[in-house]
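Quick caveat, the model's predicted, so the values are computed rather than measured.
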Amino acid sequence: MTAPTHLAQLKANAIDDALPWLARHQGHTLVIKLGGHAMVDESLTAAFARDIVFLRCAGLRPVVVHGGGPQIDAELALHGLTREFRAGLRITSPLAMDVVRMTLSGRLQRELVGLINQFAPLAVGMTGEDADSLTARRHQPWIDGEPVDIGRVGEIVEVRTGAIEDLLSAGRIPVISPLARSVEDGQVYNVNADTVAAALATALGAQQLIMLTDVAGLYEDWPHSDKVVERLTISELEKLLPELSSGMVPKMTGCLDAVKGGVGAARVIDGRVAHAVLLPMFPGDGFGTVVVPDPEVVEVLQDNPFLKAMTSSAPRSHSTV
């Protein structure tokens, strides 16, 4: 067998391996969160854009939520503003909010939409402000037993999926910036992109949530070991959550909330690996950390067609109040 023929055979085998996954997910909604750290390499971001078009052309309904932490930090520095975090959440002053909004929806979203549309004119950019798709209230976390003001940072109180569903029904790929309108003062708030992706996955009745970030997954004993936990049930993750580092808390909390909300599975994958978003198509685990329902929940759904249908349906609006 010649080298070109061998290479073609390998590609054909890969497509054959992916076929069962693609067949199972025809018509299913897949919410993908692309972290800002996974967007710092232009070639990786371009590969991601191509992969999203592939998923859409293969019959899935991808929804992209993007972050932008490193890019926001760089813009803040250019404006003479310092970055500050508490409990893994960015403290956002009114001045910083202007930079956040400009960076997320004015730059990163447009770049990502443009990359996707180079491969097929399917992507449409929006923020949670559009059609009040996301509404929020001021988030005031408790740190060391006291409430802390972190500025214009919101927690989602409602998701309206109408505009997103319209785009999906038209064959489009929504690309969403994690901004939301406040129900308290009408201002625009910054919302953690992991939280937004999880809330959208739940409200859209997504089959899967995939979070692309700058780590290989949830490490078993970080920083003493880089071995990744491959699979966690809801109950197992709930026990681990209080012990996690602050950077992993929003990601794993998002995975937990999504699966508890009816999403089939949620996975954290290393976005620094080319074509990482396509890896779940292939048999076996071995890449990232996947969160799945508890076995007894799966058994109940399998035994009760009515509950299974209710859980897999896509509600038009989801409230967290």
Participant: Crowded around Gln26 CD? As in, over 12 foreign heavy atoms under 6.0 Å?
Facilitator: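 Yes, CD of Gln26 has more than 12 neighbouring heavy atoms, counting only those of other groups under 6.0 Å.
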Participant: For a quick check under 3.5 Å, do Thr92 and Arg152 share a side-chain donor-acceptor pair by atom type?
Facilitator: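 Not at all, the side chains of Thr92 and Arg152 share no donor-acceptor pair under 3.5 Å.
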Participant: Are the charged groups of Arg101 and Glu129 less than 4.0 angstrom apart, N to O?
Facilitator: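 Salt bridge: yes.
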Participant: Is there a path from Leu44 to Leu108 through hydrophobic residues (I, L, V, M, F, W, Y) whose side chains come within less than 4.5 Å of each other?
Facilitator: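 No, no single cluster joins them.
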Participant: Give the C-alpha distance, both sets of side-chain angles, the deciding distance and a yes or no for side chain to side chain contact (heavy atoms under 4.5 Å, CB included) between Arg138 and Tyr189.
Facilitator: CA-CA 8 Å; Arg138 183 182 291 269; Tyr189 279 25; 3.5 Å; yes
Participant: Counting distance only, does the side-chain N/O of Arg160 pair as donor-acceptor with the main-chain N or O of Asp132 below 3.5 Å?
Facilitator: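 A pair under 3.5 Å: yes.
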Participant: Taking the basic N atoms (NZ, or NE/NH1/NH2) and the acidic carboxylate oxygens, is any pair closer than 4.0 Å for Arg272 and Asp214?
Facilitator: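 Asp214 and Arg272: not salt-bridged.
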Participant: Between Glu165 and Arg61 (salt bridge meaning N to carboxylate O under 4.0 Å), is one present in this structure?
Facilitator: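 Looking at Arg61 together with Glu165, the answer is yes, because their closest N to O distance falls below 4.0 Å.
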Participant: State, to 0.1 Å, how close Val65 and Ala193 come at their nearest heavy-atom pair, and which atoms those are.
Facilitator: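 Reported closest heavy-atom pair: CG1-O, 3.9 Å.
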Participant: Main chain of Leu218, side chain of Thr289: is a donor-acceptor contact present, judged purely on distance under 3.5 Å?
Facilitator: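 Yes.
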Participant: Considering all heavy atoms of both residues, which atom of Ile176 and which atom of Gly128 are nearest to each other, and what is their separation?
Facilitator: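 Smallest heavy-atom distance, with atoms named: CG2-N, 4.4 Å.
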Participant: Do you know which two heavy atoms are closest between Val31 and Ala201, and how far apart they sit?
Facilitator: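 Heavy-atom minimum between the residues: CG2-CA, 3.6 Å.
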Participant: Which residue pairs satisfy the ring-ring contact (aromatic ring centres under 6.0 Å, His included) criterion with at least one member in residues 7-32, sequence neighbours excluded?
Facilitator: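 Listed by first then second residue: Trp21-His25, His25-His28.
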Participant: Identify all side-chain donor-acceptor contacts of residues 47-55 below 3.5 Å with residues at least two apart in sequence or on another chain.
Facilitator:
unit_1, atom_1, unit_2, atom_2, d
Asp51, OD1, His275, ND1, 2.8
Asp51, OD2, His275, ND1, 3.1

Participant: Is Ile210 reachable from Leu115 through a run of I, L, V, M, F, W or Y residues, each pair having side-chain heavy atoms under 4.5 Å apart?
Facilitator: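 Each belongs to a different hydrophobic cluster.
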Participant: Check Val268 against Cys255 and note the closest heavy-atom contact, atom names and distance.
Facilitator: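 Answer, listing the atom of Val268 first, then Cys255: CG2-SG, 3.8 Å.
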Participant: Answer yes or no: is there a donor N or O on one side and an acceptor on the other, between the side chain of Thr233 and the main chain of Glu236, under 3.5 Å?
Facilitator: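 Yes, the answer is positive, given that a donor and an acceptor are paired below the 3.5 Å cut-off.
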Participant: Answer yes or no: is there a donor N or O on one side and an acceptor on the other, between the side chain of Arg56 and the main chain of Gly171, under 3.5 Å?
Facilitator: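 Yes: the side chain of Arg56 pairs with the backbone of Gly171.
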Participant: Do the side chain of Ser133 and the main chain of Asp130 share a donor and acceptor less than 3.5 angstrom apart?
Facilitator: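 At least one qualifying donor-acceptor pair exists.
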Participant: When hydrophobic residues are tied together by side-chain contacts of less than 4.5 Å, even through go-betweens, does Leu19 share a cluster with Leu30?
Facilitator: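 Cluster IDs for Leu19 and Leu30 differ.
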Participant: Between Thr103 and Glu75, does any side-chain donor sit less than 3.5 Å from a side-chain acceptor?
Facilitator: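 No - no donor-acceptor pair under 3.5 Å links their side chains.
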Participant: Would you check if Asp185 and Ser182 make a side-chain contact, meaning some heavy-atom pair closer than 4.5 Å?
Facilitator: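 Side-chain contact under 4.5 Å: yes.
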Participant: Looking only at non-hydrogen atoms, find the nearest pair between Gly125 and Arg110 and report the distance.
Facilitator: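 Gly125 and Arg110 have their closest heavy atoms at CA-NH1, 3.9 Å.
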